[in-house]
Amino acid sequence: MIGLIISLLVGAVAGWLAGQIVQGGGFGFGPNMVLGIVGAVVAGLVLPVIGIGAGGGIIWRIITSTIGALIVLVLAGILLRRS
């Protein structure tokens, strides 16, 4: 249970960071946090496949989750612009 809470908090922080990095601020605080949590899952699946190994510690989890959140934010922005 504690691991799930930590993962949600890391994803929320990653979403906020990704929103700060993406031009225009992403979709706002709440949606960015949700996309950050999704991005954390994406990072956990995609990054090991492309050869970026899992490091240890909370900082590494935030970095990889932010990368995943950036991927999700950019893809969501592209998909929403097209529709």
Side-chain angles (χ1 to χ4, degrees):
M1 185 67 166
I2 298 294
L4 176 64
I5 292 170
I6 290 172
S7 294
L8 291 174
L9 289 173
V10 166
V13 169
W16 175 79
L17 282 172
Q20 299 301 307
I21 295 169
V22 171
Q23 185 177 16
F27 297 103
F29 184 70
N32 282 352
M33 288 176 50
V34 172
L35 290 174
I37 294 167
V38 173
V41 173
V42 169
L45 297 173
V46 173
L47 294 180
V49 172
I50 61 173
I52 298 176
I58 195 81
I59 301 298
W60 180 252
R61 287 179 66 183
I62 291 172
I63 291 168
T64 57
S65 296
T66 302
I67 293 168
L70 285 168
I71 293 168
V72 171
L73 274 174
V74 169
L75 289 176
I78 290 170
L79 292 174
L80 290 176
R81 283 188 209 132
R82 288 188 176 183
S83 53

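Nearest approach of Gly11 to Ala40, heavy atoms of both residues: CA-CB, 4.3 Å. Nearest heavy-atom pair across Ala69 and Ala18 is CB-CB, 3.7 Å. Ala43 and Pro48 get closest at one heavy-atom pair: O-CD, 3.5 Å.
Remark: Ile50 engages Leu47, Ile52 in a side-chain contact (heavy atoms from CB on, under 4.5 Å) (not counting sequence neighbours). Residues satisfying the side-chain contact (heavy atoms from CB on, under 4.5 Å) criterion with Leu9, sequence neighbours excluded, are Ile5. For Val13, the side-chain contact (heavy atoms from CB on, under 4.5 Å) partners two or more places apart in sequence, or in a different chain, are Leu17, Ile62. Taking Leu75 as the reference, Ile71 meet the side-chain contact (heavy atoms from CB on, under 4.5 Å) condition, with sequence neighbours excluded.
Val41 and Trp60 end up in different hydrophobic clusters when Ile, Leu, Val, Met, Phe, Trp and Tyr side chains are linked at under 4.5 Å. In the hydrophobic clustering of this structure, Val42 does not group with Val34; members are Ile, Leu, Val, Met, Phe, Trp, Tyr whose side-chain heavy atoms approach within less than 4.5 Å, directly or through other members.
Put simply, the side chain of Ile67 does not reach to within 4.5 Å of the side chain of Val46, judged on heavy atoms.
Its side chain within the 4.5 Å cluster rule, Leu8 clusters with Leu4, Ile37 among the Ile, Leu, Val, Met, Phe, Trp and Tyr residues.
Among residues at least two apart or in separate chains, there is no side-chain hydrogen bond (donor to acceptor under 3.5 Å, both in side chains) pair with a member in residues 66-75. Residue pairs that meet the side-chain hydrogen bond (donor to acceptor under 3.5 Å, both in side chains) test with at least one member in residues 2-11, sequence neighbours left out, are Ser7-Arg61.
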